[in-house]
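These notes concern the structure reproduced below.
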Amino acid sequence: MRTISLPGIYKLGFVDCSKLHPNLMLKSLAGIPIAILTDIADVNFVGEPTCESISDNDNNGRSEKTSLKFATTMQIPTDRPLAFIVRCVNGNDYLIGTKERPFPMVKITTETGTSSGSGSIATVEITHCAIKSLLSVAV
């Protein structure tokens with residue numbers, strides 16, 4: 001088992017999975033550089049997002065599970081599959097999700113603000129399980 005915890009995240013974004021090039025996961029496994037060539041919607045987050053990827057052998061095969069968690073005040077669309085882009089403080093960019101299934105699972109928990117003045121906030125948890133779920137990309 002191998003665990004990767006990304007350094008500080010300073011930028012998040014998402015794209016519609018259907019707008020990505022095909023077979024990005026296979027290209028990444030083969031060591032072929034991949035790029036995001038579509039518009040990226042920026043995500044305004046609150047606090048510090050976290051991203052963790054766990055790689056393990058599953059029935060004599062590779063399996064990787066990536067989790068991204070952040071809080072935001074904006075609406076994240078849930079009507080279509082989304083892939084998420086994570087930019088770290090060290091300059092590396094990562095993609096969670098591809099054009100093909102399985103798509104990342106998005107769980108959104110919304111909390112209303114209190115009457116004393118705190119605003120409402122949504123906690124977003126993205127989970128993606130695949131042969132390789134955290135892809136290094138060029139944006």
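Phe14 is not connected to Ile40 by any chain of hydrophobic side-chain contacts under 4.5 Å among Ile, Leu, Val, Met, Phe, Trp and Tyr, and they are in different clusters. The cluster map of Ile, Leu, Val, Met, Phe, Trp and Tyr, joined by side-chain heavy atoms under 4.5 Å apart, puts Met74 and Leu82 in the same cluster. Leu135 and Val15 fall within the same hydrophobic cluster, defined by Ile, Leu, Val, Met, Phe, Trp and Tyr side-chain heavy atoms under 4.5 Å apart, directly or through other members. Val86 and Ile34 end up in different hydrophobic clusters when Ile, Leu, Val, Met, Phe, Trp and Tyr side chains are linked at under 4.5 Å.
Pairing each heavy atom of Val43 with each of Phe70, the nearest pair is CG1-CE1, 3.6 Å. Scanning all heavy atoms of the two residues, the minimum distance from Asn90 to Asn92 falls at OD1-N, 3.1 Å. Here the shortest heavy-atom pairing between Arg62 and Ile131 reads NE-O, 3.1 Å. Between Ile126 and Pro104, the shortest heavy-atom contact is CG2-CB, 3.8 Å. Nearest heavy-atom pair, Lys65 versus Cys129, reported as atom, atom and distance to 0.1 Å: CG-SG, 3.5 Å. The two residues Pro49 and Gly47 make their nearest non-hydrogen contact at CD-O, 3.6 Å.
Judged by distance alone, with hydrogens and angles left aside, the side-chain atoms of Glu100 form a donor-acceptor pair with the main-chain N or O of Asn23 at under 3.5 Å. Judged by distance alone, the side chain of Thr72 and the main-chain N or O of Asn44 form a donor-acceptor pair under 3.5 Å. Using modelled atom types, no side-chain atom of His128 and backbone atom of Glu64 make a donor-acceptor pair closer than 3.5 Å.
Here the straight-line distance linking atom OG of Ser63 with atom CG of Asn57 works out to 9.0 Å at 0.5 Å rounding. Distance check: Thr66 OG1 to Lys132 NZ gives 8.0 Å after rounding to the nearest 0.5 Å. Distance check: Leu134 CG to Ile54 CD1 gives 12.0 Å after rounding to the nearest 0.5 Å. The CD atom of Glu125 lies 8.5 Å from the OG1 atom of Thr50; values are rounded to the nearest 0.5 Å. Rounding to the nearest 0.5 angstrom, the gap separating the CG atom in Asp16 from the CG atom in Asp39 is 11.5 Å. To the nearest 0.5 Å, atom CZ of residue Arg87 and atom CG of residue Asp42 are 9.5 Å apart.
Few gaps surround CZ on Arg80; more than 12 heavy atoms of other groups in view lie less than 6.0 Å from it. Dense packing is recorded around NZ of Lys27, with more than 12 heavy atoms of other residues, nucleotides or ligands lying under 6.0 Å away. Atom CE of Met105 has 12 or fewer neighbouring heavy atoms from other residues, nucleotides or ligands inside a 6.0 Å radius.
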Exercise for review: Just do the side-chain contact (heavy atoms from CB on, under 4.5 Å) check on Ser28 and Leu95 with the steps written out, would you?
Suggested key: CA-CA 11 Å; Ser28 178; Leu95 175 68; over 6 Å; no
Check your understanding: Should Ile9 and Leu68 be marked as a side-chain contact (heavy atoms from CB on, under 4.5 Å) after you check the CA-CA gap, both sets of side-chain angles, and the distance that decides it?
Key -> CA-CA 10 Å; Ile9 297 169; Leu68 171 64; 4.2 Å; yes
Exercise for review: Could you walk me through whether Val106 and Phe84 pass side-chain contact (heavy atoms from CB on, under 4.5 Å), step by step?
Suggested key: CA-CA 10 Å; Val106 179; Phe84 291 83; 3.9 Å; yes
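Between Ile85 and Leu12 the shortest side-chain heavy-atom distance does not fall below 4.5 Å. When side chains are defined from C-beta on, Val137 does not count as touching Leu24, because their heavy atoms never get closer than 4.5 Å.
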